[in-house]
Amino acid sequence: MVALEYANRTFESNAVAPGAIETRMYRDFVAECLEARQMLESATPIGRVGQPEEIASIVVWLCSAGASFTTGQIFPVDGGYTAQ
């Protein structure tokens with residue numbers, strides 16, 4: 001695993017795993033199928049899809065000094081979907 005291989009250097013290896021995010025691709029997909037939008041929203045405990053800024057926020061934090069002791073982690077940003 002990369003995180004362990006580089007743990008003793010100034011290099012962190014983490015991943016962000018977004019759920020349904022309201023991007024242009026998402027909007028194009030649900031524009032053709034209202035049922036898909038309703039299904040995605042209802043499958044998420046928060047009851048909505050995420051915004052790109054919500055993904056950007058965790059990426060900014062992971063790039064900051066505040067995350068310097070964080071490595072080898074996967075961060076699901078999916079409105080609680082994987083917690084079900």
(request) Verify, without hydrogens or angle tests, whether Thr71 (side chain) and Ser13 (backbone) share a donor-acceptor contact under 3.5 angstrom. (result) yes
(message) Hydrophobic cluster membership, with links at side-chain heavy-atom distances under 4.5 Å among I/L/V/M/F/W/Y: are Val77 and Ile46 in one?
(response) no
(request) Could you grab the distance from atom CG of Asn14 to atom SG of Cys63, nearest 0.5 Å is fine? (result) 9.5 Å
(message) Test of understanding: with salt bridge (charged side-chain N to carboxylate O under 4.0 Å, His left out), list the residues that count as partners of Glu22, not counting sequence neighbours.
(response) none
(request) Take atom CD of Glu32 as the centre, draw a 6.0 Å sphere, and report whether it contains more than 12 heavy atoms from other residues, nucleotides or ligands. (result) no
(message) Can you tell me if Tyr81 has over 12 outside heavy atoms packed within less than 6.0 Å of its OH?
(response) no
(request) Enter the distance from Phe75:CZ to Thr82:OG1 here, rounded to the nearest 0.5 Å. (result) 12.5 Å
(request) Hey, could you give me the CG/CD distance between Asp78 and Glu54, rounded to the nearest 0.5 Å? (result) 11.5 Å
(message) Could you check whether any side-chain N or O of Gln84 sits under 3.5 Å from a backbone N or O of Ala43, counting only pairs where one atom can act as donor and the other as acceptor?
(response) yes
(message) Which residues pass the side-chain contact (heavy atoms from CB on, under 4.5 Å) test with Ala67, not counting sequence neighbours?
(response) Trp61, Leu62, Thr70
(request) Spell out, as yes or no, whether a donor-acceptor pair under 3.5 Å connects the side chain of Ser68 to the backbone of Ser64. (result) no
(message) Less than 4.5 Å apart, side chain to side chain, heavy atoms only: is that true for Glu41 and Val49?
(response) yes
(message) So, taking the atom named OG in Ser42 and the one named CZ in Arg48, what distance separates them when rounded to the nearest 0.5 Å?
(response) 15.0 Å
(request) Please tell me if the side chains of Tyr26 and Arg37 come closer than 4.5 Å, counting only heavy atoms from C-beta onward. (result) yes
(message) Looking at every non-hydrogen atom in both residues, tell me the closest pair between Pro45 and Gly79 and how far apart they are.
(response) CD-O, 3.3 Å
(message) Please determine whether the number of non-hydrogen atoms from other residues, nucleotides or ligands lying under 6.0 Å from atom CG of Leu34 exceeds 12.
(response) yes
(request) Indicate yes or no: at least one non-hydrogen side-chain atom of Ile21 is less than 4.5 angstrom from one of Ile55. (result) yes
